[in-house]
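None of these values were measured; they are calculated from a predicted model. Residue numbers run from 1 in the order of the sequence given.
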Amino acid sequence: MPGYGTGRGIPEAGSDTGADDLDEDVEFWGLLYLDPLLELRLLTEEPATRAELAPGARPPGEALSSAALSLTGDTGLRRLLDAAGIAEDFAAAVAAVLTAPDGRSYLRTPAADAGTAVLARAFVAESVRRRTGREGPAPALDGTARDAAVARIADLLPGTPGPDERGTHRGPVTRRVKRLAGRLALGLASAQAVKRRSALTDAAHPAAGDVLLYLARGAAIREAVAQAVRTAEPPVVLLAHSLGGIASLDLLVLRPLPEVALLVTVGSQAPFLYELGALPSLEHGSPLPAHVPRWLNVYDRRDLLGYVGAGVFPGRVQDIALDSRQPFPLSHSAYWSNPELYRLLAGELP
């Protein structure tokens with residue numbers, strides 16, 4: 001497991017952002033994905049003195065609401081929303097936030113004109129919630145692209161983004177968010193876990209169910225991969241995500257395929273299954289056969305379904321950490337929207 005025994009991963013060299021700050025931001029986005037109006041509601045609950053409006057003065061938030069409805073007309077923002085994977089849902093998300101009771105309450109407070117990034121995060125979080133709630137494969141949503149969209153929205157809205165409030169949540173609500181996050185963590189260990197059981201199951205069951213199915217009936221899946229290798233022009237690179245990494249490694253252990261020059265697994269559970277003694281092709285304690293090709297194993301320490309392999313197969317696996325700045329389960333599919341993955345592949349593909 002990445003960072004096993006320490007509870008955290010190794011900070012990347014050259015990073016000017018502390019691991020604690022990054023974790024705090026990612027965890028906060030995880031809360032926003034569950035409740036996009038959370039931050040608006042907390043700010044609205046902050047005590048504030050409401051002054052009487054001068055004759056003819058516009059109520060706080062009125063200009064914000066009007067500007068928000070025209071955000072999709074900005075070409076730069078549309079490009080960023082496309083990169084973040086939420087362009088299709090953005091307009092409906094904006095309307096939903098503005099018309100929700102918590103959104104309307106926030107827009108009536110003086111805080112509405114003092115921190116446009118708060119509203120921007122609500123729009124983006126609601127867009128993500130809608131996108132991930134649709135049927136079909138899990139979307140690949142990158143956190144860096146998400147934060148760029150938040151910053152652009154905050155710049156386009158009238159008012160000020162607030163100190164250090166572009167992509168992150170630092171601001172007047174920080175202490176309340178930390179207290180809330182602590183209460184949520186305790187709740188998830190008790191009654192809240194029961195109440196959210198269906199949501200947690202929906203998030204986890206596709207990958208877990210696929211792995212269980214493979215362990216019971218994996219031969220046909222391995223044969224499909226072998227057929228794809230046979231029809232490809234050598235040298236072949238096997239690029240496999242999640243369960244695909246298990247099937248590809250199993251295939252390469254069981255059957256020499258000299259045309260395969262490189263195996264790249266992404267968010268894979270293969271090293272973990274080996275440690276459990278549950279990898280079909282290789283008993284725990286046995287080394288990888290010499291005919292298994294070079295193996296790159298890409299993981300995100302926030303992806304609870306991605307495991308490291310260098311300590312399990314010394315000298316045979318190179319682990320590469322990526323950070324898509326998304327909470328789990330989005331982190332399990334976010335690799336495919338992370339530009340760093342494609343830069344890695346560009347340097348490795350023959």
Side-chain angles (χ1 to χ4, degrees), residues 1-4 8-10 12 22-23 26-27 29-30 33 85 128 131-132 136-146 200-215 218 221-222 225 237-253 262-276 278-281 292 294-313 316-346 348-349:
M1 296 182 185
Y4 187 80
R8 63 190 302 162
I10 301 172
E12 293 185 11
L22 276 175
D23 286 344
V26 172
E27 290 164 5
W29 274 107
Y33 293 157
V128 172
R131 176 65 187 87
T132 56
L141 306 176
D142 178 55
T144 300
R146 173 204 64 203
L200 293 170
T201 301
D202 287 347
H205 90 268
D210 286 348
V211 171
L212 291 174
L213 175 64
Y214 171 79
L215 293 178
I221 298 175
R222 289 192 295 272
V225 178
V237 174
L238 274 181
L239 173 62
H241 178 238
S242 194
L243 169 62
I246 300 172
S248 296
L249 178 63
D250 266 341
L251 173 66
L252 293 171
V253 170
L262 177 67
L263 169 65
V264 182
T265 56
V266 180
S268 179
Q269 306 85 48
F272 184 56
L273 291 183
Y274 172 80
E275 283 284 85
L276 293 177
L279 190 68
S281 62
V292 173
R294 181 170 171 245
W295 177 8
L296 300 181
N297 180 56
V298 180
Y299 72 98
D300 184 324
R301 67 186 178 90
R302 298 186 181 93
D303 175 12
L304 304 186
L305 294 172
Y307 293 84
V308 290
V312 180
F313 302 108
R316 300 298 307 275
V317 187
Q318 181 183 351
D319 293 318
I320 299 175
L322 295 184
D323 186 358
S324 296
R325 302 187 63 193
Q326 291 283 22
F328 183 80
L330 284 180
S331 55
H332 188 55
S333 55
Y335 301 98
W336 307 109
S337 61
N338 190 332
E340 291 302 317
L341 176 62
Y342 297 97
R343 278 191 275 271
L344 166 68
L345 294 176
E348 294 291 344
L349 295 180

Check: Salt bridge or not for E348 and R343, using N-O below 4.0 Å?
Finding: no
Check: Only one of L345, L262, L349 forms a side-chain contact (heavy atoms from CB on, under 4.5 Å) with L239, so which one is it?
Finding: L345
Next item on the list: Could you tell me the separation between the CG atom of N338 and the CG atom of D142, rounded to the nearest 0.5 Å?
Entry: 5.0 Å
Margin query: Assess the residue pair R301 and D323 against the criterion (salt bridge (charged side-chain N to carboxylate O under 4.0 Å, His left out)); give the C-alpha distance rounded to whole Å, side-chain angles, the decisive distance to 0.1 Å, and a yes or no.
Written below: CA-CA 7 Å; R301 67 186 178 90; D323 186 358; 5.5 Å; no
Next item on the list: Identify the two heavy atoms, one from W295 and one from R316, that lie closest to each other, and give their separation to 0.1 Å.
Entry: CB-O, 3.7 Å
Next item on the list: Dump the intermediate steps for side chain to side chain contact (heavy atoms under 4.5 Å, CB included) on Y33 and L330, then the final yes or no.
Entry: CA-CA 10 Å; Y33 293 157; L330 284 180; 3.4 Å; yes
Notebook entry, point to check: In chain order, what residues pass the side-chain hydrogen bond (donor to acceptor under 3.5 Å, both in side chains) check against R222, with sequence neighbours excluded?
Noted result: Y214
Next item on the list: Mind listing the closest non-hydrogen atom pair of A270 and G245 along with its distance?
Entry: CB-O, 4.3 Å
Next item on the list: Starting from the C-alpha separation in whole Å, work towards a yes-or-no answer on ring pair (Phe, Tyr, Trp, His ring centres under 6.0 Å) for Y299 and Y335.
Entry: CA-CA 9 Å; Y299 72 98; Y335 301 98; 8.8 Å; no
Check: Looking only at heavy atoms, which two atoms of S248 and A240 are closest? And how far apart?
Finding: OG-CB, 3.6 Å
Next item on the list: State which residues pass side-chain hydrogen bond (donor to acceptor under 3.5 Å, both in side chains) with N297; sequence neighbours excluded, sorted by chain then number.
Entry: T265, D319
Item checked: Expected output: side-chain R146 to main-chain R325 donor-acceptor under 3.5 Å -> yes
